[in-house]
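Small disclaimer: the values here were computed from a predicted structure and weren't measured.
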Amino acid sequence: MQANSELISGRAKTVEIAMMKRRSLAGNCGVGVFVIALVTVLVAFATPSWLVSDYRITGAKLDRLGLWTHCFRSLPDVNDDYQRRFFVGCRWVYDPFTKGYDEIRGFLIPPFMVATQFFYTLCAIGVFLSMILVLLFFLCAGPDQKFFVKLIRTIGYLTLAAGICGGIGVIVFAAFGNKDKWMPEHANNWFGWSFILACIGAVACGVTASLFLTEAHVQARKRRQLKESQTRFQIDSESKA
């Protein structure tokens, strides 16, 4: 009887080890795709190449611009009818030191640009918060902890929200960023590599969300199966005793 009990106990532990695998393929892939999302979103957020001038145009007034920095070769002051003031070089969009720059801020940041900044900032914040949770998931948390499934679901929903916000931001910018009556010589301007990274980051957030939500489903199912197996082995053990 004791031998049978030990055999059942050993089999139960074997099943438990098999079921309590730390991460499934979806979780591992989710971490990998999240790294892509993290890098692309943060780089796009910080770099000034969302809209760039055609490098072949030597007399272009615009050089490049991003969410927070604008670079001009020779932008005339839109409020100066006599064209006596020009803005040259790269500046933070809220630069308080350049004379006259605050006066054209309404031109530099129209409503669609404010919307792009707002939604992509939410995306960047969501990705940054997700990074902390992903590190916790990757380095510390395990299936034996009660909050493990909740942690994975939180990562999934947070990256989903980040992807939606990032998607709205890039769609708004794509729709209005290169329209006439904003940046000069719009026909010679192109969406730059920062904008491409922003699009990749938004898509990567969505893929990350689907992988982590799949991982949450897998881990929840394993947990249910483990409880059922433990109950079954306990009944078998009591019946043979």
task: Evaluate side chain to side chain contact (heavy atoms under 4.5 Å, CB included) for Val52 paired with Asp63, printing each intermediate quantity in order.
output: CA-CA 6 Å; Val52 298; Asp63 184 10; over 6 Å; no
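- Atom CG of residue Asn28 and atom CZ of residue Phe138 lie 7.5 Å apart, to the nearest 0.5 angstrom.
- The minimum heavy-atom distance linking Ala209 with Gly156 is given by the pair CB-O, 3.2 Å.
- Under the 4.5 Å side-chain contact rule for hydrophobic residues, Trp92 and Met183 share a cluster.
- Linking Ile, Leu, Val, Met, Phe, Trp and Tyr residues whenever their side-chain heavy atoms come within less than 4.5 Å places Phe34 and Leu160 in a single cluster.
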field: Full working for side chain to side chain contact (heavy atoms under 4.5 Å, CB included) between Trp190 and Asp54
entry: CA-CA 7 Å; Trp190 310 89; Asp54 190 341; 3.4 Å; yes
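- Atom CD of Gln219 sits about 15.5 Å away from atom NZ of Lys150, to the nearest 0.5 Å.
- Using a 4.5 Å cut-off on side-chain heavy atoms (C-beta onward), Leu151 and Leu136 make contact.
- Between Gly166 and Ala202, the shortest heavy-atom distance links the atoms C-CB, 3.8 Å.
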- request: Decide side chain to side chain contact (heavy atoms under 4.5 Å, CB included) for Leu133 and Thr154; before the verdict, give the C-alpha distance in whole Å, the side-chain angles of both, and the deciding distance to 0.1 Å.
  value: CA-CA 8 Å; Leu133 299 180; Thr154 302; 3.7 Å; yes
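- Linking ILVMFWY side-chain heavy atoms closer than 4.5 Å, directly or via other members, places Val207 and Ile155 in two distinct hydrophobic clusters.
- A distance-only check finds no donor-acceptor pair linking the side chain of Arg153 to the backbone of Leu213 [under 3.5 Å].
- Close placement of the Phe137 and Phe148 rings is indicated, their centers lying within 6.0 Å of each other.
- Disulfide status for Cys90 with Cys71: present, SG atoms under 2.5 Å apart.
- Aromatic rings of Phe176 and Trp182 (six-membered ring for Trp) have centroids beyond the 6.0 Å cut-off, not under it.
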Quiz: residues 41-50 side-chain donor-acceptor pairs under 3.5 angstrom, not counting sequence neighbours:
from, atom 1, to, atom 2, distance (Å)
Thr47, OG1, Val43, O, 2.6
Thr47, OG1, Ser194, OG, 2.6
Ser49, OG, Trp193, NE1, 3.3
Trp50, NE1, Ala44, O, 2.9

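- In this structure, Thr40 contributes its side chain and Ala37 its backbone to a donor-acceptor pair below 3.5 Å.
- By the 6.0 Å contact criterion, CZ on Phe112 is enclosed, its count of non-hydrogen atoms from other residues, nucleotides or ligands being greater than 12.
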message: Under the criterion side chain to side chain contact (heavy atoms under 4.5 Å, CB included), I'd like the reasoning laid out for Phe97 against Arg91: C-alpha separation, chi angles, the key distance, then a yes or no.
response: CA-CA 10 Å; Phe97 303 109; Arg91 289 177 177 82; over 6 Å; no
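- Proximity of Phe195 to Leu51: side-chain heavy atoms (C-beta onward) are nowhere separated by under 4.5 Å.
- Ile109 is connected to Val170 through a chain of hydrophobic side-chain contacts under 4.5 Å among Ile, Leu, Val, Met, Phe, Trp and Tyr, so both are in one cluster.
- The line from CG of Leu38 to OG1 of Thr208 is 10.0 Å long, rounded to the nearest 0.5 Å.
- Taking CG of Leu108 as the reference point, atom CE of Met113 lies at 9.5 Å (rounded to 0.5 Å).
- Taken to the nearest 0.5 Å, the CG atom of Leu25 stands 10.5 Å off from the OG1 atom of Thr214.
- Under a hydrophobic clustering in which Ile, Leu, Val, Met, Phe, Trp and Tyr are joined whenever their side-chain heavy atoms come within less than 4.5 Å, directly or via other members, Trp68 and Val127 fall into the same cluster.
- Counting all heavy atoms, side chain and backbone alike, Ile152 lies closest to Ala216 at CG2-N, 3.5 Å.
- Note that CZ of Phe212 is 11.0 Å distant from CG of Leu158, once rounded to the nearest 0.5 Å.
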